[in-house]
Each structure stands twice: as C-alpha cells, then as structure tokens.
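Note on naming: letters A, B, ... go to the chains in the order of the sequence lines (proteins, then strands), and numbering restarts at 1 for each one.
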Number of protein chains: 2
Amino acid sequence: MKPVNLKKLAEELNLSIATVSRALNDRYDIAQATKDRVRELANKLNYEPNPYASSLRRHKSRTIAVVIPEVANHFFSLAINGIEEIARGNNYHVLIYLTHEEYQREASIVRLLAGGRVDGVLLSVASRSHDLNHLDLLRERGIPMVFFDRVHADMDTAKVTTDDYESGYKATRHLLDAGCRTVAHLTLAGSLTISRRRMHGYIDALRDFGLPYDETLVVPAQLSKPEDIQAIEALLTHRPAIDGIFACVESLAMCSYEACRNLGRAIPADVKVIGFSNLEMAALLDPPLTTITQPAYNIGREAARILFQAVNKNRPILPTHSLELKSELIVRASTAASPR
Amino acid sequence: MKPVNLKKLAEELNLSIATVSRALNDRYDIAQATKDRVRELANKLNYEPNPYASSLRRHKSRTIAVVIPEVANHFFSLAINGIEEIARGNNYHVLIYLTHEEYQREASIVRLLAGGRVDGVLLSVASRSHDLNHLDLLRERGIPMVFFDRVHADMDTAKVTTDDYESGYKATRHLLDAGCRTVAHLTLAGSLTISRRRMHGYIDALRDFGLPYDETLVVPAQLSKPEDIQAIEALLTHRPAIDGIFACVESLAMCSYEACRNLGRAIPADVKVIGFSNLEMAALLDPPLTTITQPAYNIGREAARILFQAVNKNRPILPTHSLELKSELIVRASTAASPR
DNA sequence: TTGTACGCGTTATCAG
DNA sequence: CTGATAACGCGTACAA
C-alpha cells in the first residue's frame with residue numbers, strides 16, 4: 001500500500017536521500033556506522049529498491065528475455081531451467097515469451113523487447129519464421145542476443161547448438177544398420193538450420209549406404225498433433241515399404257507411435273522409430289524409444305552464460321563465441337534389429 | 001545504440017514532448033492530423049516507449065510473476081502456456097521464477113517481487129515451504145496474488161485448484177475395484193493442501209471399502225529421482241503384499257514404473273499403478289498409464305484471469321473468487337483388473 | 001563524510 | 001488543441 005522508498009528511510013533516519021542510497025549501495029565514502037543504521041532500518045521496513053526507477057537511472061533492467069516456440073516441451077523446459085539458474089546467479093530476472101512457431105508473434109515480441117525492457121535476449125527461432133528482418137531492431141538498439149538450438153544461420157551473433165548434422169547422420173545410419181531400407185524423415189516446417197542440418201545428415205547417411213534420397217519420404221510437421229498423426233498415417237499407407245522413421249523432433253516421434261498403433265504396424269518389427277527427444281521416460285514407452293538426446297539444460301546454461309558475458313561487460317557478442325554441444329544416441333528397443 | 005525517445009520525436013516534428021506523448025496515447029485532445037504525423041514518424045523510427053520510465057510514472061509495471069516449483073514438468077508447462085496466453089491478451093509481460101521446491105528460494109523471490117517489479121503474482125507453493133510469513137510482504141504492499149494448484153489453505157486470497165479430494169478418492173477406489181487390497185500412496189514431501197486432500201481421498205476410499213489405513217504405506221517424495229526410485233523399491237521389497245500404487249504426482253508414477261521394472265514386478269499383473277499426470281504420452285507407456293489428469297492449461301488461464309480482474313480494476317482479490325476445476329480419470333492398462 | 005541538485009523518459013496537471 | 005513544468009524513485013556529479 002504505502003511504498004517504502006529512499007525518501008521514507010531518509011526521513012526516519014534524518015539523513016539525505018543521497019546518503020541512504022549510497023549506504024545501501026555500500027559506497028566507500030559512507031561511515032560504517034551510518035551504513036549499519038541504514039541497513040538496519042531498511043531490513044526492518046523490508047525496503048526493496050524500486051526496480052523501475054533504478055533501471056531508468058542505470059540504463060540496466062536486470063532482466064533478460066527468453067523467446068521460444070513453446071514451453072510444453074521437454075527440451076525447452078530444461079533449457080529454461082538452465083537459463084533461470086544462470087540468470088539467478090547474475091541477479092537477473094527472466095521474462096518468457098512464446099511464439100507458438102508463428103513469425104508474426106515472434107516479430108511483435110521482438111519489437112516490444114527493442115523498447116529497452118531487457119538487457120539481452122535468448123532466442124530459439126519459430127519454425128514459421130521465414131526471415132530475420134525483425135531481429136535487426138535488436139542489433140540497432142544494441143541489445144545483445146544469443147540463439148540457442150534453433151538459429152538463423154546468417155545472423156551475426158553467437159549461437160549455441162548441437163551437432164545436428166552428425167546426429168542426423170548417426171540416427172539414419174543407426175536405422176540402416178538395424179536393417180531399414182526405406183527410411184522416412186519427419187521434419188519441422190520451414191527451413192530452420194536445425195532441420196536442414198539434420199536432414200543433411202539423413203541424406204548423406206543414405207548416400208554413404210548406397211541408397212537414393214527420395215524427397216517424397218520427407219514430411220514436414222503440420223499445424224497440430226492430430227494433423228501430424230494423419231499425415232504420418234497417410235505416408236505409411238501410401239508407402240508401405242517404409243520400415244524406418246527418423247523424427248526430427250519429439251512430438252513427431254510420439255505421433256509416429258500413435259500412427260503406427262492406429263495402423264497396426266508393430267514397432268520395431270514393421271517400422272523402426274528414432275527421434276530427437278529429451279523425454280526422460282522414453283525408456284518407459286512401449287516400446288522404449290531410441291533417441292537422440294540433446295543436452296538441453298546445458299544448452300540453456302551456456303547460452304545464458306554467453307549472453308551475460310556481453311551484458312555484464314558491455315561487450316558485443318561475436319559469432320566466434322558460438323558453441324556446439326554434443327547430442328547422445330541412446331539406443332533402445334524401438335530400433336532393435338529385425339531377425340532375418 | 002541511440003535510443004529513440006519522445007524528445008527525439010518531438011524535435012523532429014517541432015512539437016512538444018507532451019504533445020507527442022499524448023498523440024501516441026491517442027488522447028482525445030489532440031488533432032487527428034497531429035496524431036497521424038506523430039504516428040508516422042514513430043513507426044518510421046521504430047519508436048518504442050521506455051517501459052521503465054512509463055512504469056515509474058504510472059505505477060504499473062505491465063508485468064506479472066509466475067512462481068513455480070519447476071518447469072520441467074508437464075503440468076507447470078501447460079499452466080504457463082495458459083498464463084502466457086492471458087497475459088498476452090492483456091498486454092502484460094510474464095516473469096518466471098523457479099523455487100525448486102525450496103522455501104528459502106521462494107521467500108527470496110517474493111521479497112524481490114515485493115519491491116514493485118510486478119503488478120501481480122501467480123504462485124504454486126514449494127513443497128518444502130513450511131509457512132506463509134514470506135507472503136505477508138505481498139499483502140502489505142498491496143500486490144495481488146492468486147494461488148494455483150499448490151495453495152496455502154489459510155491464505156486470504158483466491159485459489160485455483162482441482163477436485164483433489166474427489167480425485168484421490170476416485171483413484172484409490174479405482175485401484176480397489178481393480179482388485180488391489182494393499183495400496184501404497186506416494187505423496188509430496190511437506191504438507192501441502194493438495195497432498196493432504198489427495199491423501200484424504202485415499203484414506204476415505206480405503207475406509208469406505210472396509211480396509212484399514214496403514215500409514216507405513218505412505219511414502220513422501222525424496223530430494224531426487226534416484227532417491228525416489230530407491231525409496232519405492234525399498235517399500236515394495238519390505239511390503240511384498242503391495243499390489244497397487246497411487247502416485248500423487250507424475251514423477252512418482254514414473255519412478256514407480258522404474259522401480260517395478262528393476263524389481264521385476266509386472267504392471268498391472270503384480271502391481272497396478274495410477275498417477276496424477278498431464279503427460280500426453282501416458283497412453284504410449286508400457287503399459288499405458290492410468291491417470292488423473294488435471295486441466296493444467298485452464299488452471300493457468302483461470303488463475304491469470306482472476307489476477308487480471310484485480311490488476312486491471314485495482315480491486316482486491318477475495319477468497320470467494322476461488323475456483324475448483326475438475327480432473328479427469330483416464331483408465332488405461334496399468335490398472336487393468338487381474339483375472340481371478 | 002554528508003547534502004544539494006539534476007536527470008533518466010514518461011505521464012499528468014495546469015495554463016494558454 | 002498545444003506547450004511548459006512538475007513529478008515518479010533512484011543514482012551521481014559537485015559542493016560543503
């Protein structure tokens with residue numbers, strides 16, 4: 001109701017506002033006795049500095065933004081966890097924004113952020129984000145940004161990614177080694193670097209194995225889960241030879257399970273499935289899902305760490321600060337080799 | 001780099017700062033022609049008002065805080081989703097804070113928030129939060145708060161919960177009807193209302209069925225997942241008669257699956273399992289998990305809606321604004337009745 | 001060691 | 001209809 005501010009403290013202590021301010025900021029030119037008196041009253045009254053006045057003065061918001069496609073997704077949840085951890089260590093606050101994979105939403109969020117609400121931005125690009133013009137605003141305003149996982153390749157900043165090409169290659173190779181000869185690839189809509197690199201790994205693995213690349217085996221994500229399931233069912237029906245599915249994201253792996261179940265295809269006997277996923281319970285699925293698992297928590301931590309290096313030292317972020325972490329192939333029953 | 005502010009716009013347009021401000025805020029006392037001129041330049045220069053200056057002046061931060069135990073959890077992810085949706089509709093920003101179930105962390109977060117950083121708080125209590133003294137600060141400062149899911153019963157504000165007692169009763173009854181006679185209950189640590197109510201349902205269902213309540217069958221969550229699994233294994237080993245497990249939260253249901261697997265107990269033949277969960281892929285588990293599923297997304301939406309009613313109209317939130325939504329029992333194979 | 005006075009960018013009040 | 005001017009609460013030169 002009645003805010004406790006410097007003025008109030010100053011009045012009660014018979015000091016000037018300036019002195020109280022300096023005492024609380026532990027400045028060298030204030031007597032220890034005064035500092036103690038001020039601190040004591042501040043604690044007693046539960047004084048908290050008004051963050052907005054402080055931000056206005058210091059040109060620092062002590063806030064960062066995390067912009068992601070969605071939160072109901074284990075990868076992003078874990079990443080947020082890592083980000084929050086680092087932010088907290090730096091005494092920073094974390095604003096969260098969801099784009100729901102939409103370009104418009106991403107653009108309008110970025111426009112807001114360019115107003116100076118945050119000192120830095122962590123961004124994972126929406127799959128339906130076709131260009132990066134909207135991000136220029138941040139650069140113009142000198143707001144540092146770090147991409148994580150889903151990046152715009154030709155953007156002049158740091159990116160924290162995983163070895164997507166290698167993972168795509170390994171995943172595909174794993175299916176081929178398990179006996180698959182017609183491998184479908186379920187990918188994100190749009191042309192994110194992440195999907196391109198994973199797909200590239202897929203294509204190269206096929207080629208190295210002596211198999212042709214058939215682009216009709218590549219299906220992009222639809223707008224909703226039911227549509228995805230339907231699309232996969234259609235694919236499996238039209239192309240009965242498909243004996244392997246490589247899903248670029250977790251949700252598509254789950255949709256594959258449902259589609260197979262609906263069509264009565266047995267996993268792994270009829271179709272083997274591998275998917276990118278951070279789901280802890282992949283091992284408890286029926287059958288346990290073979291996954292490419294990204295170090296999501298660390299991706300969040302590292303992206304935040306890079307951002308704070310720039311924020312705290314007022315230095316720009318360079319593309320050379322980028323980091324590529326390793327994903328892990330965890331083999332489970334969904335890709336068990338078929339008996340001949 | 002060089003910020004675009006009202007002063008700059010005013011200079012370029014040969015208008016006063018005040019006029020520009022009013023034009024942008026679409027005040028009635030500004031000529032349409034002027035408004036148009038101002039708008040045009042503002043758009044051209046990508047002007048965004050400095051949110052901190054505005055907050056300072058208006059005593060409104062256009063920001064709310066969401067304080068939750070963790071984010072890598074489907075329930076909270078979905079709730080955030082609902083909250084973000086409503087916040088966005090109100091042109092509000094969402095700060096996120098994780099307590100990791102710790103009282104200290106919750107307290108220090110609340111202290112920060114009391115400084116006026118936010119116009120309102122949505123809180124889901126940490127399980128190791130033993131009292132609510134730390135929340136008094138918010139009340140003193142007149143910052144509205146709404147609890148969701150995990151509430152402090154004797155706090156004088158609105159709460160959005162689900163029918164936990166009924167759900168606990170239904171879950172237990174379901175196990176009993178499926179043939180269980182020794183039902184263990186895995187609950188959260190501490191004594192949250194939510195766990196108490198679910199446990200109450202458990203106890204009453206046992207009683208109504210003519211079974212005694214054996215408190216050694218009730219096991220609280222430990223500090224980590226491995227510890228939880230170990231605790232469940234110990235329970236199952238010491239009490240071989242256990243033929244049913246009712247898990248109060250998702251993670252404990254998953255731990256039960258792992259424990260049963262480790263011990264070679266078959267689900268549902270040896271032990272039936274039911275758990276609170278918002279996991280979409282519960283149906284894809286081995287075996288598919290019977291769940292009590294809460295309307296997480298709607299809980300988030302409703303909690304946010306109640307909060308914004310207070311925030312926008314400057315009215316206090318009353319306990320009478322509380323809401324109780326219904327959870328759903330979704331029967332799957334993990335509780336299939338055993339053949340006699 | 002402490003106080004005075006100004007400015008951060010915006011909005012509100014009061015004149016004109 | 002528009003312009004000066006005074007806050008909002010805090011941090012910091014400059015004075016004392």
Side-chain angles (χ1 to χ4, degrees), chain A residues 1-39 41-42 45-63 91 112 114-119 141-142, chain B residues 1-39 41-42 45-63 91 112 114-119 141-142:
Chain A
M1 283 303 154
K2 23 144 213 189
V4 182
N5 52 24
L6 288 182
K7 191 165 148 204
K8 170 140 187 182
L9 292 181
E11 278 168 8
E12 305 238 343
L13 292 164
N14 278 319
L15 286 171
S16 74
I17 293 179
T19 304
V20 176
S21 170
R22 276 177 292 203
L24 289 171
N25 288 328
D26 203 17
R27 293 298 248 266
Y28 64 95
D29 55 358
I30 297 290
Q32 190 56 49
T34 314
K35 284 184 185 174
D36 292 343
R37 281 208 313 143
V38 172
R39 293 269 172 70
L41 185 66
L45 298 187
N46 288 306
Y47 168 77
E48 280 292 331
N50 181 312
Y52 298 116
S54 179
S55 292
L56 187 57
R57 222 13 271 247
R58 294 206 217 239
H59 302 284
K60 277 278 173 190
S61 64
R62 302 207 77 74
T63 307
N91 281 312
L112 279 178
R117 187 173 290 268
V118 297
D119 299 342
R141 298 289 207 274
Chain B
M1 282 301 156
K2 24 147 214 185
V4 181
N5 51 26
L6 289 182
K7 193 165 146 203
K8 169 143 188 175
L9 293 181
E11 278 167 11
E12 304 238 345
L13 291 164
N14 279 320
L15 285 171
S16 74
I17 292 180
T19 304
V20 176
S21 170
R22 275 175 296 198
L24 289 171
N25 288 326
D26 203 18
R27 295 296 249 267
Y28 65 95
D29 53 0
I30 297 289
Q32 190 56 48
T34 313
K35 283 184 186 175
D36 292 343
R37 280 209 312 141
V38 172
R39 292 268 172 71
L41 185 66
L45 299 186
N46 287 306
Y47 168 78
E48 280 292 330
N50 180 313
Y52 298 117
S54 179
S55 292
L56 186 59
R57 216 22 264 240
R58 294 208 221 234
H59 304 283
K60 277 278 175 192
S61 64
R62 303 206 76 75
T63 307
N91 279 313
L112 279 179
R117 188 173 290 269
V118 297
D119 298 343
R141 299 288 206 275

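A donor-acceptor pair under 3.5 Å links the side-chain atoms of B/Y52 to the main chain of A/R117, judged by distance alone. With hydrogens and angles ignored, the 3.5 Å screen pairs a side-chain donor or acceptor of B/D119 with a backbone N or O of B/S61. Side chain of A/R62 to main chain of A/N91: a donor-acceptor pair is present (N/O by atom type, distance under 3.5 Å, no hydrogens or angles).
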For nucleotides 11-16 of chain D, 5' to 3', base contacts (B), sugar-phosphate-only contacts (S) and non-contacts (-) with protein non-hydrogen atoms under 4.0 Å give BBBB--
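Under the rule for a side chain to side chain donor-acceptor pair (under 3.5 Å), A/N46 has no partner lying at least two apart in sequence or in another chain. Scored by the side chain to side chain donor-acceptor pair (under 3.5 Å) test, B/N5 finds no partners at all (sequence neighbours excluded). Scored by the side chain to side chain donor-acceptor pair (under 3.5 Å) test, B/S55 finds no partners at all (sequence neighbours excluded). In terms of the side chain to side chain donor-acceptor pair (under 3.5 Å) criterion, B/N50 has no residue partners (sequence neighbours excluded). Residues forming a side chain to side chain contact (heavy atoms under 4.5 Å, CB included) with A/L112 (at least two apart in sequence, or on another chain): B/E48, B/H93. When the side chain to side chain contact (heavy atoms under 4.5 Å, CB included) test is applied to A/R57, no partner is found at least two apart in sequence or on another chain.
Within the structure, the salt bridge (charged side-chain N to carboxylate O under 4.0 Å, His left out) test picks out the following pairs touching residues 21-34 of chain B (sequence neighbours left out): B/D26-B/K35, B/D26-B/R39. Counting only residues at least two apart or on different chains, no salt bridge (charged side-chain N to carboxylate O under 4.0 Å, His left out) pair has a member in residues 4-15 of chain B.
The terminal axes of the helix from C/dT1-D/dA16 to C/dG16-D/dC1, fitted over 5 pairs per end, subtend an angle of 40° to the nearest 10°.
Atoms CZ (A/R62) and P (D/dC10) sit 16 Å apart, rounded to a whole Å. In this entry the distance linking CG of A/N50 with P of D/dA7 reads 18 Å, nearest Å.
Position along DNA chain D of the nearest nucleotide to B/L56 versus B/T34 favours B/T34 as the more 5'-ward residue.
For the segment residues 8-15 of chain A, the set of residues with a heavy atom within less than 4.0 Å of an atom of DNA chain D is empty.
Atoms OG1 and CG, on B/T19 and B/L9 in that order, are 12.0 Å from each other to the nearest 0.5 Å.
Taking 4.5 Å as the limit, some side-chain heavy atom of B/Q32 sits within range of a side-chain heavy atom of B/D36.
Along DNA chain C, the stretch of nucleotides lying under 4.0 Å from any heavy atom of chain B spans, 5' to 3', C/dG9 to C/dC14.
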